[in-house]
Novice: 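Structure in structure tokens, see below.
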Amino acid sequence: MPAARVLIDGPSELVFDYAIPDGMDAKPGCRVKIPLRNRASTGTIIDITSEMPANFTLRPIATLIDPEPLITPNLLKLGKWIANYYGSPMELVMRALLPEAVRQESHSEKTRKTVILSQKPDEEAMAKLAKRASRQHLIITLLDAAGGQISLKDLGGGSVTASVKALEKQGFVEFKDEAVRRDPDEGEEFLEDQPLSLNPGQATALELVLEQIKKPEKPMLMHGVTGSGKTEVYLQAAQHCIDNGKSVLVLLPEISLTPQTVQRFKSRFASIQEQVAVLHSHLSQGERFDEWHRIRQGTARIVIGARSAIFAPLTDLGLIIVDEEHENSYKQDSAPRYHGRDLAVLRAHLEQAAVLLGSATPSLESFHNTETGKYHLLTLAERADGQSLPIIRIVDMRIEGKKNKGGPAILSDPLRGRMEAKLNEGEQVILFLNRRGFARSIQCPGCGHVCECRHCAIPLTYHRGDDRLICHMCGHQALPPKKCPECGDAAIRSQGYGTEQVESVIKKVFPQARVARIDTDTMRRKNALRDTLQKFRQRKIDIIIGTQMIAKGLHFPNVTLVGVLNADLGLHVPDFRAGERTFQLLTQVAGRAGRGELEGEVIVQTYTPHSPSIQFARHHDFLGYADQELDFRKQFGYPPYSHCAVIQTRSNHERRAEFTLENLHKRLKNSLPTGMVLHDPLPAPITKAHGQYRFQLMMLAPSARQLSHHISSILAQTPPPEDVTIIFDMDAMGF
Ligand code: ADP
Ligand code: ZN
């Protein structure tokens, strides 16, 4: 007799097996009532095992709550693939597939007590009410005027309950519980906007997308320079799907950082607003429950969300769009460690839907797939509005920095000069620096001591606003020392600069300018980002200083100058993708300039002006960059010429973390399949974080399946000591 493995609702997330009673049509994804100890409980079937263990009696499932599984068969297939490929237990995958808000019975439909006019009193009765119970008379009049139904709350809530009850007794009204949707956008209004007429490049791209929607054959990669009108192609392709009865899934890197793109979808589909669902991390559990069921029931047909939206239970999927497909945030950094873009390609295949990846700086993985013919390549080479791409100038800070004696070199003369000119013209400026806080670290000039986090092997960042040292890894805070904790030297001082310091410098240099800073420190309040961007659009702000929060998706026609303060920040880190990431970031940030009538320019400050990422970005030359970077990857056997996995051990005990990894290394090596490359175990680039020591090793192999299988089987044979955690990151993106 088959048994069902059930994930029990509740915070402890237990999993137990139950017998399936004869005749019960239990399927994975079905919700069930089961006995748990001496209580009745609820859960979701995550798997059906064909054989019940012998000599072991299981308690049976009590009832099937809903006979149809919550998870569609295709999503279940996707889930099994994830478990296999990323070496993740099916339980964890099921948790990703079915959000907690949906699994927990407590987040059920929201209902509202509504008063219904069941029988309108005749004239005589009304006259009586008017005389003796004016309140009841008023309620009847209001109900009548509103078409016979008003929520109790709108009628006045508790203060009218007695009167309504009296009317109920006389048989004039009834109470009803009406389901209401918790609408995350309640109160927001979207003006409908109309499709633009496409330029020839967009028209060609759209044509191919429509062909693929009709008859999906391969994934498509749209490489379109910043401002080339990719979003317009997405919108029209989505419209086409909806018109043909198909649904659309749109993945964005981070919903909160791409408000303009979300806005454009909402506006374009304003007339069918109820068919649009936006899934983002700010939804309450109740809203998430409602949105999920609106999707599952087929009411919502356009779903927009970050990576986890790949599990949205849409049916009749016509198209999956992955915007900014190169973004790292598509990779989940806790188990199951899936890549949203890669799942999009797979899900599209399972659903026989088209998949469109888009970027101004495609990942080398996707671009390589167009070279080998696995993907179609669509190209939008020019900006949609006919403007040219901004001119990018490189400022060599090795020379500029020397001019500035003493303080840190934040603003070079050329950048300061151009800012002055732009501000005089009434144009706007964006300054980009990918480091928040005031100073990177605090260091003693006497003995060289740097204040580090007690739990993590990284320097503490000085935040002047709070007068605190803060760890950007774990959030640990400390008071800044008055003198060096090592040698007592009082000359201890800050080093390097972050956005907070830039803000204070800019305010001094341009006292007339209105300056705003956008980073996670200043944007903590809900809607803070939206409000600041709104002010910027209304030209109530002249200069924005921001971290990568402002790097993508923003479109401000009056921004004519973008300054990149330190292009080298991400360059010198031990990761073979460091150069690719720098190229992408520079290109994206530069793309914020000159998006209107006015021409844009970009000034990039760097200490390594000749590095290829900077030089190719300067010439807007993605193809050139891809060409030489792919050469390098091929030479070293790195992705996309192989798949890469990282195994990391973490423990409070340094030796135990190290020893566990060495042991794994030995076993991985013993049975190493040919063609697979196993690197030596090393301390991780950040050797300690959250109080745990980290060691890691990297493996490369031409076949992903073989790589993942080899690692999974060794891990299964090698359970770690209790105080060591092993992390297996297949297709790892960050090191
Ligand atoms: P991308 O997504 O490639 O960065 P956008 O879709 O944001 O580019 O387009 C940049 C600007 O060009 C937007 O203001 C958009 O409204 C405009 N645009 C796009 N397509 C057209 C078109 N066919 N005709 C006129 N303007 C267009
Ligand atoms: Zn820390």
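First listed ligand is number 1; within each ligand, the first listed atom is number 1.
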Novice: Do H463 and H472 have ring centroids that are under 6.0 Å from one another?
Specialist: yes
Novice: Regarding ligand 1, does G229 bring an N or O atom to under 3.5 Å of one of the ligand's N or O atoms?
Specialist: yes
Novice: Considering only the protein, which heavy-atom contact is closest to atom 6 (O) of ligand 1, and what is its distance?
Specialist: R264 NH2, 2.9 Å
Novice: Using 2.8 Å as the threshold, say whether any N, O or S atom from C456 sits that close to the Zn ion (ligand 2).
Specialist: yes
Novice: Above 12 or not: heavy atoms from other molecules or residues under 6.0 Å from CD of Q236?
Specialist: yes
Novice: For atom 16 (O) of ligand 1, what's the nearest protein heavy atom and its distance?
Specialist: L196 CD1, 3.8 Å
Novice: Examine ligand 1 and decide if any of its atoms is less than 4.0 Å from a heavy atom belonging to Q260.
Specialist: no
Novice: With heavy atoms of S228 as the reference, note each atom of ligand 1 found under 4.0 Å away.
Specialist: 1 (P), 3 (O), 8 (O)
Novice: List every atom of ligand 1 that sits less than 4.0 Å from any heavy atom of N199, numbering the atoms from 1 in the order shown and giving each element.
Specialist: 23 (N)
Novice: More than 12 heavy atoms of other residues, nucleotides or ligands under 6.0 Å from CD of E207: yes or no?
Specialist: no
Novice: For ligand 1, which atoms have a heavy atom of H555 less than 4.0 angstrom away?
Specialist: 11 (C), 13 (C), 14 (O)
Novice: Closer than 4.0 Å to some heavy atom of S197 - which atoms of ligand 1 meet that?
Specialist: 22 (C), 23 (N), 24 (N)
Novice: Check whether any N or O atom of T226, backbone or side chain, sits under 3.5 Å from an N or O atom of ligand 1, and answer yes or no.
Specialist: no
Novice: May I ask whether R383 places a heavy atom under 4.0 Å from ligand 1?
Specialist: no
Novice: Using a 3.5 Å distance criterion without hydrogens, assess whether the side chain of R650 forms a donor-acceptor pair with backbone atoms of I726.
Specialist: no
Novice: Given A384, G201, G227, which one has a non-hydrogen atom that is nearest to atom 10 (C) of ligand 1?
Specialist: G227
Novice: What protein heavy atom is closest to atom 20 (N) of ligand 1, reported as residue, atom name and distance in Å?
Specialist: Q202 NE2, 3.0 Å
Novice: Of all the non-hydrogen atoms in the protein, which one sits nearest to atom 2 (O) of ligand 1, and at what distance?
Specialist: T231 OG1, 2.7 Å
Novice: Of the listed options (E232, Q387, K230), which comes nearest to atom 3 (O) of ligand 1 when hydrogens are ignored and any heavy atom counts?
Specialist: K230
Novice: Classify the ring geometry between Y625 and F616 as parallel (under 30°), tilted (30 to 60°) or perpendicular (over 60°).
Specialist: perpendicular
Novice: Drop me the distance from M733's CE to S363's OG, to the nearest 0.5 angstrom.
Specialist: 7.0 Å
Novice: Is the closest heavy-atom distance from D385 to ligand 1 below 4.0 Å?
Specialist: no
